2 protein chains.
Amino acid sequence: MVGSVWLTSGKGRKSRDSGLDRDKIVATAVRLLDAQGDVSMRALATELNVTPMSMYWYVANKDDLLELALDTVAGEIELPEADDDWQAGLRALAQAWRRTMVGHPWAIRCYGDYLNIGPNSMRFTQHAQAIIARSPLSKADQASALSAVFQYVYGFATNESRWLEYGRKTGRTVDEFVDDVAASVAEVPWVSVRSGVVEQKHSQSMAELRDRDFDRALDWLLAGMLA
Amino acid sequence: MVGSVWLTSGKGRKSRDSGLDRDKIVATAVRLLDAQGDVSMRALATELNVTPMSMYWYVANKDDLLELALDTVAGEIELPEADDDWQAGLRALAQAWRRTMVGHPWAIRCYGDYLNIGPNSMRFTQHAQAIIARSPLSKADQASALSAVFQYVYGFATNESRWLEYGRKTGRTVDEFVDDVAASVAEVPWVSVRSGVVEQKHSQSMAELRDRDFDRALDWLLAGMLA
DNA sequence: ACCTGAACACCGTTCAAGT
DNA sequence: ACCTGAACACCGTTCAAGT
């Protein structure tokens with residue numbers, strides 16, 4: 001919670017004598033998380049052909065493990081080339097973040113649980129700050145602007161991930177799943193107005209809708225900043 | 001997950017013979033969630049002086065219980081008076097949502113887990129749609145605009161709730177907690193640039209910063225929509 | 001119609017012990 | 001230095017049984 005792996009020296013760089021080390025454990029955890037949406041310490045251990053308790057030699061507890069896993073996926077985010085157009089840069093960065101988060105729905109779920117000060121997360125943050133520094137905004141506005149953009153992106157990606165997870169769990173495509181929901185929801189007595197998502201669905205695929213909306217809102221935000 | 005309490009007729013309107021009914025169970029769950037940040041079925045039952053298993057007569061499972069609890073807090077959101085100024089209306093609605101979510105951090109945590117089609121949630125949704133309908137935006141843009149605003153608000157409130165929870169758990173004020181984090185984080189080798197939040201902290205309280213940033217970003221978004 | 005007891009299949013984690 | 005076994009204190013939930 002308040003403690004962070006990154007604030008303790010820890011048993012990070014232990015070498016092995018049975019093929020095990022912290023990196024391997026974290027990598028395996030990420031693999032299982034990607035596959036199942038969650039991990040237990042016990043499942044992780046059996047995957048590694050070892051007793052559950054051996055995990056605790058490399059990692060203080062499950063929270064630490066997840067914090068490490070989270071920074072691992074933060075390392076996958078492609079940072080766009082430096083460019084003079086800060087708005088384009090910010091859009092590209094937001095897109096990159098969204099892309100990798102949607103690829104790891106479990107990550108976005110635990111995003112708020114940790115301080116996110118691992119090396120990869122910090123690399124990302126610094127990149128974002130470098131981009132916004134090229135804008136004409138005041139120092140104070142720059143911070144607000146970054147928060148605004150990434151709070152929006154976080155909200156968007158969270159929502160997007162959920163639909164993808166729903167789809168995966170029910171073994172249907174997202175579009176099919178949305179149809180199912182729409183049909184069920186229509187039966188509920190107090191639902192007289194359909195939600196925006198469901199309403200527009202039939203004209204285009206959810207994926208197209210999402211892409212368009214994502215860029216659109218970013219443009220609004222960026223345009224508003226200069227107004 | 002994909003199933004929803006609201007899609008099953010369920011044991012909702014059972015009467016009691018030992019003072020128990022679904023409403024009372026849900027109300028108690030909300031009380032415990034507010035107090036501790038989570039509930040177990042077992043703790044809820046003992047709070048109600050009853051065996052864990054009796055819960056399952058009123059509620060199919062824990063997910064259903066939480067879905068009901070979530071709609072209960074959705075009922076606390078104060079819907080602003082109808083007004084011709086749609087931007088003011090949207091801002092007021094966003095503020096109201098933020099206020100009640102920050103009061104129930106557990107709620108925002110499970111917000112994405114359910115379909116949110118309970119009566120109170122739908123009342124909220126319809127109110128939002130009524131407000132945006134008064135804007136000059138096209139039908140399609142109206143849906144995008146609502147999504148954008150509430151995705152941002154969701155991201156903001158999630159972030160805000162986390163800081164408040166951290167503070168509460170460590171028994172410090174949010175400002176003190178931010179100071180603690182800043183001090184610890186400064187020790188981490190790869191942290192060469194401070195994050196926006198931490199950097200500005202000393203000039204004003206976090207609460208002031210948050211209020212200003214929240215309104216600010218909403219203004220940007222709304223301004224961008226008309227550009 | 002409502003509630004219980006015993007049980008199942010899980011969790012994360014501590015602690016003392018092995019090599 | 002690394003790993004294990006047994007145990008503790010939890011979970012949500014099923015199922016058959018009581019009243």
Side-chain angles (χ1 to χ4, degrees), chain A residues 1-5 8-26 28-29 32-33 35-70 106 109-110 113-114 169, chain B residues 1-5 8-26 28-29 32-33 35-70 106 109-110 113-114 169:
Chain A
M1 262 287 146
V2 30
S4 165
V5 225
T8 62
S9 52
K11 308 160 182 167
R13 33 210 65 129
K14 279 296 164 327
S15 53
R16 74 241 54 191
D17 89 351
S18 72
L20 219 56
D21 66 7
R22 195 191 249 193
D23 286 349
K24 185 164 182 187
I25 289 175
V26 173
T28 309
L32 293 182
L33 284 160
Q36 341 268 11
D38 55 14
V39 235
S40 67
M41 297 300 268
R42 296 167 117 109
L44 179 57
T46 64
E47 178 76 15
L48 291 163
N49 291 319
V50 100
T51 263
M53 291 312 104
S54 7
M55 305 286 83
Y56 289 88
W57 204 87
Y58 297 95
V59 127
N61 48 43
K62 195 181 180 179
D63 265 340
D64 275 17
L65 176 70
L66 290 176
E67 208 173 348
L68 292 164
L70 193 51
W106 57 271
R109 258 174 199 288
C110 63
D113 291 343
Y114 307 110
K169 287 211 178 154
Chain B
M1 262 287 146
V2 30
S4 165
V5 224
T8 62
S9 52
K11 308 161 184 167
R13 33 209 67 127
K14 277 297 164 326
S15 53
R16 75 242 52 190
D17 90 350
S18 73
L20 218 57
D21 66 8
R22 194 190 249 191
D23 286 348
K24 184 164 184 188
I25 289 176
V26 173
T28 308
L32 293 181
L33 284 161
Q36 342 268 8
D38 56 12
V39 236
S40 67
M41 296 301 268
R42 296 167 117 108
L44 178 58
T46 63
E47 178 76 16
L48 291 163
N49 291 319
V50 101
T51 263
M53 290 313 105
S54 6
M55 305 286 82
Y56 289 88
W57 203 86
Y58 298 95
V59 128
N61 50 42
K62 193 180 180 179
D63 266 340
D64 274 18
L65 176 69
L66 290 175
E67 208 173 348
L68 291 164
L70 193 51
W106 58 271
R109 259 175 197 286
C110 63
D113 291 343
Y114 307 109
K169 286 210 180 157

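So you know, we letter chains A, B, ... as the sequences are listed, proteins then strands, and number each from 1. The structure presented is a predicted model; accordingly, all values stated were derived computationally and were not measured.
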Enquirer: Taking CG from B/Asn49 and P from C/dC2, how many angstroms apart are they, rounded to a whole number?
Expert: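 Those two atoms, CG and P, are 19 Å apart.
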
Enquirer: Just how far, in rounded Å, is C1' of C/dA16 from OH of A/Tyr56?
Expert: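 Computing the A/Tyr56:OH to C/dA16:C1' distance gives 17 Å.
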
Enquirer: How many angstroms lie between atom CG of B/Leu44 and atom CG of B/Leu65, to the nearest 0.5 angstrom?
Expert: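 Output value for this atom pair is 6.0 Å.
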
Enquirer: For B/Met53, report the nucleic acid contact type (base, sugar-phosphate, nothing); a contact means any heavy atom under 4.0 Å.
Expert: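 Contact class for B/Met53: base.
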
Enquirer: Considering all heavy atoms of both residues, which atom of A/Met55 and which atom of A/Ile25 are nearest to each other, and what is their separation?
Expert: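 So the minimum-distance heavy-atom pair works out to CE-CD1, 3.7 Å.
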
Enquirer: Rounded off to whole Å, could you give me the CG-to-C1' distance for the A/Asp64 and C/dT13 pair?
Expert: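 Distance, rounded to whole Å: 13 Å.
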
Enquirer: Over how many whole Å does the gap from B/Asp63 atom CG to D/dT13 atom C1' extend?
Expert: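 Value for this atom pair: 13 Å.
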
Enquirer: How many Å lie between CG on B/Asp38 and P on D/dC10, as a whole number?
Expert: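 In whole Å, D/dC10 P and B/Asp38 CG are 13 Å from each other.
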
Enquirer: Which nucleotide in the set C/dG12, C/dA1, D/dG12 lies at the smallest distance from any side-chain heavy atom of B/Trp57?
Expert: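 Of all the options, the side chain of B/Trp57 is nearest to C/dA1.
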
Enquirer: So what's D/dT4 paired with, Watson-Crick or G-U wobble, going by both distances under 3.5 Å?
Expert: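 Per the H-bond distance test, C/dA16.
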
Enquirer: Provide, to the nearest angstrom, the distance between the CE atom belonging to B/Met41 and the P atom belonging to C/dT4.
Expert: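 Those two atoms, CE and P, are 14 Å apart.
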
Enquirer: Is any side-chain nitrogen or oxygen of A/Ser40 closer than 4.0 Å to OP1 or OP2 of C/dC10?
Expert: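 Negative; the distance criterion is not met.
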
Enquirer: For residues A/Met41 and A/Pro52, determine if any side-chain heavy atom of one lies less than 4.5 Å from a side-chain heavy atom of the other.
Expert: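 No - every pair of side-chain heavy atoms lies 4.5 Å or more apart.
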
Enquirer: Whole angstroms only, please: what is the CZ-P distance between B/Arg42 and C/dC8?
Expert: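 After rounding, the reported distance stands at 14 Å.
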
Enquirer: Kindly give the heavy-atom pair with the smallest separation between B/Leu70 and B/Tyr114, and that separation in Å.
Expert: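 Looking at all heavy atoms of both residues, the shortest contact is CD2-CD1, 4.1 Å.
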
Enquirer: Within this structure, what is the CG-to-P distance between B/Asn61 and D/dC15, rounded to whole angstrom?
Expert: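 To the nearest whole Å, that distance equals 14 Å.
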
Enquirer: Which part of the nucleic acid does B/Ser54 contact within heavy-atom distance under 4.0 Å: base, sugar-phosphate only, or nothing?
Expert: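 The answer is base, as B/Ser54 lies within the cut-off (heavy atoms under 4.0 Å) of a base atom.
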
